[in-house]
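Remarks on the structure that follows.
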Amino acid sequence: MNECIFCEIIAKRMPADFVYEDDEIVAFKDINPQAPVHILVVPRKHYPTLLDIKPEDAELMGKLILVANEVAKKFNIHNRGFRLVFNCNREAGQSIYHVHPHLLGGRIMMWPPG
Ligand code: 5GP
Ligand code: ZN
């Protein structure tokens, strides 16, 4: 058993409600949703935090945005608006140390964020 929950989900050793999959990226519903639509967009490759992203990973990171756009369209929140959030390290509230943006939508979002 890998100690990273998201690596376990990607390997299909743990269940998740997948909404998108390709050879580099998966997206699945957050187990504890903070909005009507709350999807995690996750590279198959394990990076603990944003600080582990290197210049050669830039294309993959860009693809996370493209996938998030597709998922936002799939859930029909693209025109209303949505938020794409990366939490990095403790004060930002990162709890799973496998890089992932949260795609949040389906309600009005507050600013500044909590
Ligand atoms: P972070 O706090 O690292 O930015 O985001 C981690 C997210 O993963 C949290 O929103 C949390 O609810 C979600 N999460 C934690 N464990 C699981 C799990 O086993 N399955 C799914 N689908 N989401 C999880
Ligand atoms: Zn991982």
Side-chain angles (χ1 to χ4, degrees):
M1 171 110 178
N2 190 306
E3 63 189 28
C4 173
I5 291 172
F6 285 1
C7 282
E8 289 299 304
I9 288 173
I10 290 162
K12 302 277 172 78
R13 289 189 290 265
M14 267 184 65
D17 195 347
F18 285 89
V19 299
Y20 178 89
E21 288 185 69
D22 68 25
D23 57 349
E24 292 180 300
I25 295 168
V26 304
F28 50 85
K29 294 185 179 176
D30 196 292
I31 204 169
N32 182 23
Q34 301 302 311
V37 178
H38 187 172
I39 308 291
L40 304 170
V41 184
V42 186
R44 290 184 186 274
K45 186 172 174 191
H46 179 95
Y47 304 89
T49 80
L50 284 178
L51 297 167
D52 298 296
I53 304 303
K54 302 282 190 294
E56 58 267 31
D57 304 313
E59 188 174 342
L60 175 59
M61 294 301 120
K63 286 182 183 172
L64 293 177
I65 295 176
L66 297 175
V67 169
N69 285 345
E70 288 309 308
V71 175
K73 288 175 190 164
K74 180 171 179 171
F75 284 86
N76 202 28
I77 56 171
H78 56 305
N79 287 328
R80 294 170 62 185
F82 60 90
R83 190 168 284 176
L84 197 59
V85 179
F86 287 91
N87 294 323
C88 183
N89 276 339
R90 185 175 52 85
E91 286 198 359
Q94 186 173 2
S95 58
I96 303 285
Y97 281 77
H98 181 133
V99 156
H100 56 279
H102 298 246
L103 172 63
L104 295 150
R107 65 167 170 83
I108 293 173
M109 298 288 158
M110 300 300 150
W111 195 264

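Just so you know, ligand 1 is whichever comes first in the structure, and atom 1 is the first atom listed for that ligand. These figures come from a predicted structure and were not determined experimentally.
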Shortest non-hydrogen pair, Gly106 vs Arg80, comes out as O-NH2, 3.3 Å

Are there any protein N/O/S atoms under 2.8 Å from the Zn ion (ligand 2), and if so, which?
Cys4 SG, Cys7 SG, His46 ND1, His98 ND1

When rounded to the nearest 0.5 angstrom, what is the spacing between [atom1] in [X] and [atom2] in [Y]?
X: Glu70; Y: Lys74; atom1: CD; atom2: NZ; value: 10.0 Å
X: Arg83; Y: Trp111; atom1: CZ; atom2: CH2; value: 5.5 Å
X: Leu64; Y: Ile53; atom1: CG; atom2: CD1; value: 8.0 Å

Among the clusters formed by ILVMFWY side chains lying less than 4.5 Å apart, do Ile96 and Val42 turn up in the same one?
yes

Where the side chain of Gln34 meets the backbone of Asn32, is there a donor-acceptor pair that is under 3.5 Å apart?
yes

Under the 6.0 Å and 45° cation-pi test, does Lys54 pair with Tyr47?
no

Collect the protein residues that have a non-hydrogen atom under 4.0 Å from ligand 1 and hand them over in chain and number order.
Ile5, Phe6, Ile9, Met14, Phe28, Lys29, Asp30, Ile31, Asn32, Leu40, Asn87, Gly93, Gln94, Ser95, Ile96, His100, His102

Salt-bridge criterion met for Glu21 and Arg44 (N-O under 4.0 Å)
yes

Check the orientation of His102 and His38. Use parallel for under 30°, tilted for 30 to 60°, and perpendicular for over 60°.
tilted

